[in-house]
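In what follows, a single structure is set out as structure tokens and then discussed.
Please read all numbers here as calculations on a predicted model, not as lab measurements. Along the sequence shown, residues carry numbers from 1. Atoms considered below: every heavy atom in the structure, side chains included; atoms not considered: hydrogens, waters and symmetry mates. Counting starts at 1 for both ligands and their atoms, following the listed order.
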Amino acid sequence: MMRAALAIWILSAVICVGRGHHQIGHDTTGQDTVLDSSANSVSLVTSANKDFAYRLYRKLVAHVASEGKNIFYSPFSVSIALAALSVGARGETHRQLFSSLGFNSSLLTQTAVDQAFQMLLQRANKTSNEDTREGTAVFVDHRFKPQPEFLEALKQSYFADAFNVDFTETTDSANTINKYVEEKTNGKIDKLVENLDPSTVMYLISYIYYKGKWATPFDPELTKEDMFMVDENTKVPVQMMNIEKNLNTYYDQGINTSVLHLPFNSSYSMLLLLPDNMATLENVISPSHVTKWLKWMKSRTHKVYIPKFSIKASFSLNNVLTEMGITDIFGDRADLRGISEGQKLTVSEVVHQATLDIDEAGATAAAATGIGITLMSLRHIPVLKFNRPFMVIITERSTENVLFMGKIINPNI
Ligand SMILES: *[C@@H]1O[C@H](CO)[C@@H](O)[C@H](O)[C@H]1NC(C)=O
Ligand SMILES: *[C@@H]1O[C@H](CO)[C@@H](O)[C@H](O)[C@H]1NC(C)=O
Ligand SMILES: *[C@@H]1O[C@H](CO)[C@@H](O)[C@H](O)[C@H]1NC(C)=O
Ligand SMILES: *[C@@H]1O[C@H](CO)[C@@H](O)[C@H](O)[C@H]1NC(C)=O
């Protein structure tokens, strides 16, 4: 297993061009304005999601830099989960979510964002002859009654499966959630949730699973053991695949990075980026780089070596999201009145896990995001127990005149 930060971006939404817009029928006259505005919100949301992906990447790098860990995650899964949470957020809590997700155009109301995700989710599931699966689910404690409009919006726009669970049975309910995610990700993510907070009343999940075959597979006979340079002083053995053929590449001189384009047998591709200096690349990479690379890359014969591997990455996103400006959801300022008006809710955790397997035939990637929502009143009943020496003061409130004062060190004498 490699410890180096492997810079691999799977471009899913990015390369899925030329689809979708045509699905909308133009046969009903007078609907064009509606259709134009929903196509417009899809493109605004898609563009926001792309920007969010790179901002999130830089935050993750900053958080795991010292640990020498791989980074692999699904920005789309995180965006979906937070957009679904936004449905129930109000006031400043909602503003923070929208602004950090990049949904700050005045055209992007919650309804417009919901419709955009509805289209993006539908589109993803429709990719022909590929195994792509995306979806959401919401697990609700059987005693907790969320606002019906919240659940309705989640089912309508985010295709959420809804389940009733008993969250006081923390092990059973965690197992139920983990089994669901395991099934949806074909066994790739089997333990998303651990140590559930017993005051959880709702758990939101988004998952994504992708399995693609290379347009040109590698020959397993050519795969040989080779060394991977983790850093100047560390080498690790890997199974190195190789291929010699016409491939699309680009050398970005501005950041001294070689880009290899490996298409899957579909509308998806993998871009592999090999920089001279990882930090230079990480600091600047943006959606416009990808646009440039895809546009200008040239086909020529190359001999390419890529390791065969399976990795798994796991993150708690609480700190990362807080640094990105999503602060209120995690504390007593959380305004989730769209989920419940009567009960004060807060977000206890946002967790994310992802896996990537690359071999001669293709690549499989899976990810899931989980958002735990807890009841504030249960969560924060502070305990104050005067079971050791304490002081007392008896005072008149307006004058603050001290009538009595003392120290109790043993109430029994
Ligand atoms: C939205 O936010 C981004 C990043 O914070 C900013 O660059 C952009 O100008 C903002 N757009 C609007 C319409 O406020
Ligand atoms: C996508 O497919 C999965 C599994 O077949 C299903 O559970 C999910 O609801 C689908 N999502 C959409 C948006 O159709
Ligand atoms: C790219 O490499 C060249 C030659 O080694 C060097 O002069 C230049 O400073 C590098 N550029 C960056 C952005 O690192
Ligand atoms: C790619 O997909 C096409 C059409 O579905 C199929 O005929 C072909 O065999 C596939 N190639 C590979 C390498 O899987």
What are the atoms of ligand 3, with element, lying closer than 4.0 Å to any heavy atom of Gly254? 13 (C)
Suppose we call two aromatic rings close when their centres sit under 6.0 Å apart. Are Tyr210 and Phe264 close by that rule? yes
Step through it carefully: locate the ring centre of Phe309, locate the ring centre of Phe228, and say whether they are under 6.0 Å apart. no
Residues passing the side chain to side chain donor-acceptor pair (under 3.5 Å) test with Thr369, sequence neighbours excluded, are Ser77, His352
Any non-hydrogen protein atom less than 4.0 Å away from atom 9 (O) of ligand 3: no
Atom 5 (O) of ligand 3 has as its nearest protein heavy atom Asn256 ND2, 4.7 Å
In short, Asn242 meets Leu222 closest at the heavy-atom pair ND2-O, 3.2 Å
Could you tell me whether atom 2 (O) of ligand 3 has a protein heavy atom closer than 4.0 Å? yes
